[in-house]
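Each chain gets a letter, A, B and so on, in the order its sequence line appears, and its residues count up from 1. For clarity, every value in this text was computed on a predicted model and none was experimentally measured. The analysis underlying the following values was restricted to heavy atoms, covering all of them including side chains, and did not include hydrogens, waters or symmetry mates.
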Amino acid sequence: MPEIFDLREVSYRYDQGVTALDRVTLQIHQGERIALLGANGSGKSTLLRILDALYFAESGTVSFNGSVLSEALLRDDAFRFVFRSRVGLVFQNADVQLFNPTVFDEVAFGPLQLRLSKDEIPRRVMQALESMGIAHLKDRAPHRLSGGEKKRVALASVLVMEPQVVLLDEPTSGLDPRSQSQIIDLLQNYSDKKTVITATHDLNMVEDIADHCYILEQGRIVSSGATTDILQDLPLLERTNLIHAHRHRHGSLVHTHPHQHGHGQHEH
Amino acid sequence: MHIPDGYLSPATCAALYAAASPFWCVSLQRVKKLLNTRMVPLLSLSAAFSFVVMMFNLPLPGGTTGHATGVAVSAIVLGPWASMLAISVALIIQAVFFGDGGITAIGANCFNIAIIGSLVAYGVYRVISAGAAFGSRRRFVAAAIAGYASINVAAFITAIEFGIQPALFRDATGTPLYAPYGLSVTIPAMMLGHVTFAGVAEALLTAGVLGYLQRTRPALLAHRLTGRPSTALANEAGTVGWRSLKPLVAGLALLLLLTPLGVLAVGTAWGEWSAEDFASVEGRNQIAAVSGNQAPPATVPSGLQRLSSVWTAPFPDYAPPMVKHESFGYVLSGMFGVGLVTLATMALGGVLRFRGAGAHREA
Amino acid sequence: MARVRTVKPRGFIERSLEALVRALGHAIESEEIAKSDGLLQHLDPRVKLVGFFSLILASVLSRSLVIISAIFAFAILMAMCSRVPLLTLVKRVWLPILIFTTIIGAPALFMTPGQVIYRFPILNLGITAQGARSTLFLLARTETAATLSLLLVLCTYWTHLLKALRALRVPAVVVVVLGMTHRYIFLLLETARETFESRRSRIINSLRGSESRQLAVNTAAVLMDRSLQVADDVYMAMQSRGYDGEVRVMPEFRMKRKDYAVLAFLLSLSAIAVWLGR
């Protein structure tokens, strides 16, 4: 499968000098479903933004389909046009992604920037809305939507552009259980032939949406492997703060063991 | 509470829309050039902030409360041009969507608060804080004074706009058609509330927010324009592009050309009589006619007599002595007046540039 | 611009909350009415924008109390045909303006020079005819204009109103900023409300003056910080979907024959009003 992203020794620091990414190296191929795992502050969001050319690496190189991403390159209209339509990012905070007055306007924003024809746009928008089950919300203002609805609008607004690569930043955070499972179902059905990269610390959904995982800690990749392998390595997960340890009393005995809620087996 | 509909005559409203327009145009151009793609989200969120902060009830010393607009915060953080736009947007939404402020008065409200307020706040802040170390107490004080000054100047101008209404706009019976109080009432009435409560509220808000931002977002206030996640800002004092000021100049020129309309106002403005008017028959008849047919005092009021000799303006009655034709003299005086104001502003700008180009290029 | 009251230190939280919640309520009410089936709701927003503005202008231009009252009556008629509850008009416009104008305008009754029509016996203060008429003008104009603009906003979706501005040659970038500001006002209103409510629940004793000031200003500062953060993030979200600085808006409305007719009607009405009341 052709390589889409090639990151070599990518580092990035915030204004205050805080290191967000530290010499990250990885390759992503077309059609892969990847999960970026890590606790809050591990650099997952930053990495996604580097992949979406919203931040640019301070050192190291980020290549997309062979082109090295840089501020200068993204100023080139032709390249930007192609890149923005091929790569989409769904932000963790849906409120920053819903900046248009109505749901319809929001989903139409991307196609408008892609200069689709004024007839094509309504067709595409309605299609995207229907596939997300939110066509009835098309004239609603974003502040009148529930958390789950906002997420679905955010997804629709990205998917309407028919990107090849979809980046998701904590897609289920802040959602109630039903909305969470709806989103996971949507992602599962979407995946074929698309490359999906999801940043999350929710281990419950990882198996459903990713075949391969990278674990980040303090901006560095500390481990990578197939999802099933990673999920079984409990000491690793505990070390990287993805699961917690329980202390139990059994009579006069106290023992500690790593504990993962949900899928994992709880054994004594 | 901003100026509602019905308090300013349509002529005044139109004049203030005309005064605001060149500033709006210039700001749009400059902000677009400076902030480019960041402009839309930054202006929108700043406007939204201003709108919400206007609802805050701020406790003041002495157990009272007041409201602030956030215009000075906006001017210092965003620069005067972006601030004019952001506050104007907030005022427009307040007026149209929430009914606070009149529709015909949008030009007036924006001119007084958004435009004059931003300029005064920015100017005062730059002058007082120039050269001060980042995070120093002087910047904090400068912010407070900028807030205080901006809102009081805005209130003063509003008071003038109200105060000239009864003199200029009354019907045949002498009924004021719009705001009914003259300058002698509007100025003290408005200034009282602002010199005390609104001014203090604005000062507190400006200093408080600036202090907070100095700690949490120092890069922002250091006026560094980077492509980084911290927001980009306008560092205005240095550059005055004359080309971009053309619309402003055009607007002023238009206003100047319209000044002869003042000649159309028959007779003298109410209250603006000279000692001679009280002495002559014609003058006395005029005074009586516009004062509801109340006869003026038989002799010239002594206070007026005494004070009228203190200052003889270079151009008494707006007509330079050598010029014969009234309208021409009017326009000439207008140009002279505008010229003076422009020179003063340029001088201030020069002072700011001089100080800004000093050791610290920080806000 | 300043309201003066002496309050318990905790009062400022309550009052701020009140204002925030009221603003939120206004927005919801506007949407409800804009959705319902009434006369004004069915008109093209551009017609309403231009037509109502000309009527407001007419009421401000007119020099006849009778004409202004006629426009006011017309506004009430339109309200009744558009399922706008009169109680809403009373609460949001008529009563507040009546109170405000009475306070502001009362001194004018005595202070305006002219013919005295009534003299208070003990105080020796005289109400002049000019003063009375002046106050009436103020009241009539403010009430009429405010009623018309409230009607406009209640019976039209805000987003439609914004798009209608394009027809008046307002630059697209201004329309987009107005729309985005409006959208994020609600986010900030909620943020501010949550902050105030959480602080209110944590205050056990009354605050000292300086503590309340600190609290209020802090809330504003945090709000500003949040605004700037959201602005940054929205900027990235816009870029991510291809925004390159050029503002693009989809055209939306098509004028029907009835819209032209109504526009002509409203414009001529305003012109007649101005002519008659000159």
Hey, is CD on A:Q218 packed in by over 12 heavy atoms from elsewhere, all under 6.0 Å?
no
Can you check whether anything in residues 148-157 of chain C gets within less than 4.5 Å of chain A, heavy-atom wise, and list it by number?
none
Are the side chain of C:S82 and the backbone of C:V84 linked by a donor-acceptor contact shorter than 3.5 Å?
no
Per-residue contact mode, A:F91 against chain C (heavy atom under 4.5 angstrom)
side chain
Determine the minimum heavy-atom distance between A:P163 and A:V158, stating which atoms define it.
CD-O, 3.5 Å
Would you find a donor on one side and an acceptor on the other, under 3.5 Å apart, between the side chain of C:R248 and the backbone of A:R115?
no
Between A:Y12 and A:Y55, what is the ring plane arrangement, given parallel below 30°, perpendicular above 60°, and tilted in between?
parallel
Of all heavy-atom pairs linking A:R140 and A:L145, the shortest is CG-CD2, 3.8 Å
Checking heavy atoms, do the side chain of A:D95, its backbone, both or neither come under 4.5 Å from chain C?
both
Does the pair A:K150/A:E106 count as a salt bridge with the N-to-O cut at 4.0 Å?
no
Non-hydrogen atoms of chain C under 4.5 Å away: do they reach the side chain of A:Q92, the backbone, both or neither?
neither
With a 4.5 Å limit on heavy-atom distance, are the side chains of C:S227 and C:L188 in contact?
yes
Side chain, backbone, both or neither: which part of C:E190 has a heavy atom under 4.5 Å from chain A?
neither
Contact residues of residues 73-89 of chain A (partner chain C; heavy-atom separation under 4.5 angstrom):
A:R80, A:R84, A:V87, A:L89
Short N-O contact, A:E120 and A:R123, less than 4.0 angstrom:
yes
Contact part of C:Y184 toward chain A, heavy-atom cut-off under 4.5 Å: side chain, backbone, both or neither?
side chain
Is it true that A:R178 and A:D176 make a salt bridge, defined as a side-chain N closer than 4.0 Å to a carboxylate O?
no
Under 4.0 Å between a side-chain nitrogen and a carboxylate oxygen: does that hold for C:R183 and A:D105?
no
Salt bridge (Lys or Arg N to Asp or Glu O under 4.0 Å) between C:E18 and C:R15, worked out:
CA-CA 5 Å; C:E18 232 179 288; C:R15 314 265 280 316; 5.4 Å; no
Turns out that what part of A:L98 lies under 4.5 Å from chain C's heavy atoms comes down to both
